Amino acid sequence: MDADHGRDALTGLPGMGAAASWFARHELGFVHAMLLGLHRFRSVNLAYGKAGGDAALAEIGRRIACFAKEELGPDSLVARVGGGEFLLACGGSISRERWQWLAEALTRRIARALPVRGEVLQLAPRTALLRGIPGEAGAAMMDRLDQALGTLQQQAGRRILWADGSHRARGRSAARLEADLIGAMARDEIGIVFQPQYRVADGALSGVEALARWDHPQLGRIGAETLFEIAERGDHVAQLSRHIAGKALALAAGWNGLALSLNVTAEDLANDAFAAEFRQMLGETGFSPANLTLEVTEHTLVADFVRSATALAELAATGVRIALDDFGTGYANFRTLKALPLDTIKLDASLIRDVDTDPRDRAILTAIVAMARTLGFKIVCEGVERETQLAVLQQEGCDTFQGFLRSGPISAAEVGTIG
C-alpha cells in the first residue's frame, strides 16, 4: 500500500483508508455500495503462483475501474479492500433495480476469460449490495456488506445478496433487454457521446472518439461496453455497430474536418462486405475518409486475422486511418504491428496510470514510444487524469491524449464549444 496516497500497490486502486475518507465525504447523502469477493482466491495463487495471482487481481481491478468510469462516472469509488475483495460505491439516487442490474453486468465483465501464464482463467465474484441510509457511517455500511458477503459465500450457487436482508430486486431478463435494445435502435434512441482527444504538445483539440450510450427507461444510462454485451447475447452486435457508426458519421460530417474515431467489432470484420458497406456509409454521410480512424483490438482480430487485415487494408487505401486499441492489455503479438496497415497505437490507461510515479512504468512507455517511432506510428494515450502524467507524455514525445484531466465524454452539441 502506498502510504502517501492510500493506494494499493498491486492494482493502483484506493485502499481501505481512502475508501473510509470517501464514505466520510458522502455521509450526509445517498450512497450505494457493492462489495465483490473472489471466493477462495488462494487456490489461484496455488495453481498459478503469486505472480499469476497478482496479474489476475490487477486485471480484475482494471475491469472494475473501467466499468465504474463508464457506467457511474469519475466520482464513483473503486477500492481494493482485501486480498480478493473490491468495493464499488457511488453517491446520488439510483433505483434498486439499476443497482442490482449493475452488479449482474459487472459480474459478467469480471467473469470474462482472463489469460494467466499461457492459460485461460475465469473468475466469477460473489457480490453484496446495499443502499446506505443518509447519515450512516462508512464503517457501518462496510460491516453490513462484509456480513452479507460472508453469508453469500456459504450459499452454493447464489452470486448476489442485498445486505439489508430484503428480497432480491426483480431483475430484467436477457430476452427482455435484447427486445428493449432492438426497439431502441428502431426508434433511434441509442445516443452518441464524444470523448475529446487533445494534442500532447500544445493541448489543442485534435479529434473525438464516438461512444454509444443508452438511456434505458427503467435501468438508466448504460455505457458502450455493457451495451455491446447485451447485443452480443442476442447476436445484434453488427447491427448495433452499424447503427452507431452511421449516426456518428452523420453528426460529425458538419464539423469542418475534425478527426473522428470509431470502434470496429469482430462481427463487423467477419462480414465479407464490411469494407464495401462502410465505404457506402461514408459516401451517404459525406464524411471524409481522411478524417476517420477505425480502432481495432487484438481480441477483435482473433477470429479471422487474414480476413480482418484484408478489410482494413481496403479501407486504408481510401485514406481511412487504422489504430490498434488497448495496446498493452492483450497478447502483445508483434505480428499484428507488422501485418496491419496501422497508423496509430492507442495505449491503454493501465500503461499510463503510474508513469509519473513508477520508474518501471516510465521505462516501458519510453520503449513503446521508441518502437512506435521506428515503425512510423502515432501514439494516443488513454486515461490521462493528472498534469504530472501529461508532463511525462510531453517529455516522451507522445502525440495525443484523452481523459478526465481535460474532459470526459460530451454531447455532439458541446463538441463545437471546446478547444
Side-chain angles (χ1 to χ4, degrees), residues 1-39 41 53-54 56-94 96 98-100 102-103 105-107 109-110 123 125-153 159-164 349-350 353-354 357-358 383 385-386 403-404 408:
M1 186 74 67
D2 185 331
D4 292 330
H5 298 91
R7 288 191 173 269
D8 174 58
L10 175 61
T11 63
L13 297 173
M16 193 63 231
S21 298
W22 186 95
F23 277 121
R25 292 195 303 273
H26 292 79
E27 194 168 303
L28 298 180
F30 288 97
V31 169
H32 294 74
M34 62 178 77
L35 182 63
L36 301 101
L38 298 168
H39 191 41
F41 189 79
D54 286 352
L57 284 173
E59 171 60 16
I60 289 168
R62 186 191 74 82
R63 291 181 185 184
I64 297 172
C66 289
F67 179 89
K69 191 168 290 186
E70 178 182 301
E71 299 294 344
L72 299 171
D75 295 329
S76 56
L77 167 73
V78 177
R80 184 183 176 209
V81 295
E85 293 185 355
F86 295 84
L87 174 70
L88 172 60
C90 72
S93 178
I94 298 177
R96 287 180 68 89
R98 174 164 171 77
W99 199 239
Q100 169 91 27
L102 285 169
L106 180 54
T107 296
R109 183 79 57 90
I110 293 171
L123 297 170
R126 287 182 165 87
T127 306
L129 308 179
L130 67 71
R131 300 175 78 190
I133 303 166
E136 184 178 12
M141 284 188 273
M142 285 301 302
D143 185 59
R144 286 206 284 145
L145 285 168
D146 191 58
Q147 289 186 43
L149 187 61
T151 299
L152 190 58
Q153 289 177 339
R159 290 288 169 189
I160 295 174
L161 180 68
W162 281 88
D164 55 11
S350 61
R353 186 183 64 212
D354 296 324
T357 59
D358 190 328
E385 299 181 348
R386 300 187 295 275
F404 285 99

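Computed from a prediction, not measured in an experiment: that's the story for all the values here. Throughout, numbering of the chain's residues begins at 1 and tracks the sequence. Hydrogens, waters and symmetry mates are skipped; everything else that's a heavy atom, side chains included, is used.
- Residues Leu13 and Ile64 form no side-chain contact, since every pair of their non-hydrogen atoms from C-beta on lies 4.5 Å or further apart.
- Under the side-chain contact (heavy atoms from CB on, under 4.5 Å) criterion, Ala56 pairs with Phe41, Leu114, Val116, Leu121, not counting sequence neighbours.
- Counting heavy atoms from C-beta on, the side chains of His26 and Leu77 never come closer than 4.5 Å.
- Between the side chain of Arg80 and the backbone N or O of Arg7, no donor-acceptor pair lies under 3.5 Å.
- Looking only at side-chain heavy atoms (C-beta outward), Phe67 and Leu102 come within less than 4.5 Å of each other.
- Shown here are the side chain to side chain donor-acceptor pair (under 3.5 Å) partners of Thr107, two or more places apart in sequence or in another chain: there are none.
- Once rounded to the nearest 0.5 Å, the distance linking CG of Leu149 with CG of Leu35 reads 5.0 Å.
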Listing, residues 126-136 side-chain donor-acceptor contacts under 3.5 Å, not counting sequence neighbours, or none:
| unit_1 | atom_1 | unit_2 | atom_2 | d |
| --- | --- | --- | --- | --- |
| Arg126 | NE | Arg158 | O | 3.3 |
| Arg131 | NE | His32 | NE2 | 3.2 |
| Arg131 | NH2 | Ile94 | O | 3.2 |
| Glu136 | OE1 | Ile133 | N | 3.1 |
| Glu136 | OE1 | Arg144 | NH2 | 2.9 |
| Glu136 | OE2 | Arg144 | NE | 3.0 |
| Glu136 | OE2 | Arg144 | NH2 | 3.3 |

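- Note: Leu57 CG to Leu10 CG = 6.0 Å, rounded to the nearest 0.5 Å.
- Residues passing the side-chain contact (heavy atoms from CB on, under 4.5 Å) test with Asp75: none are found, sequence neighbours excluded.
- Partners of Asp358 under the salt bridge (charged side-chain N to carboxylate O under 4.0 Å, His left out) rule, at least two apart in sequence or in another chain, are Arg360.
- Residues Trp22 and Val31 have side chains in contact (heavy-atom distance under 4.5 Å, counting atoms from C-beta outward).
- A search for side chain to side chain donor-acceptor pair (under 3.5 Å) contacts involving Arg159 returns nothing, not counting sequence neighbours.
- Every residue two or more places apart in sequence or in another chain that forms a side-chain contact (heavy atoms from CB on, under 4.5 Å) with Asp143 is listed here: Gln147.
- Residues in residues 14-39 take part in no salt bridge (charged side-chain N to carboxylate O under 4.0 Å, His left out) pair, two or more places apart or across chains.
- Screening residues 62-72 for side chain to side chain donor-acceptor pair (under 3.5 Å), with sequence neighbours left out, gives Glu59-Arg62, Glu59-Arg63, Lys69-Glu385, Glu71-Thr226.
- The side-chain contact (heavy atoms from CB on, under 4.5 Å) check on Ala68 picks up Ser76, Val78, Leu88, with sequence neighbours excluded.
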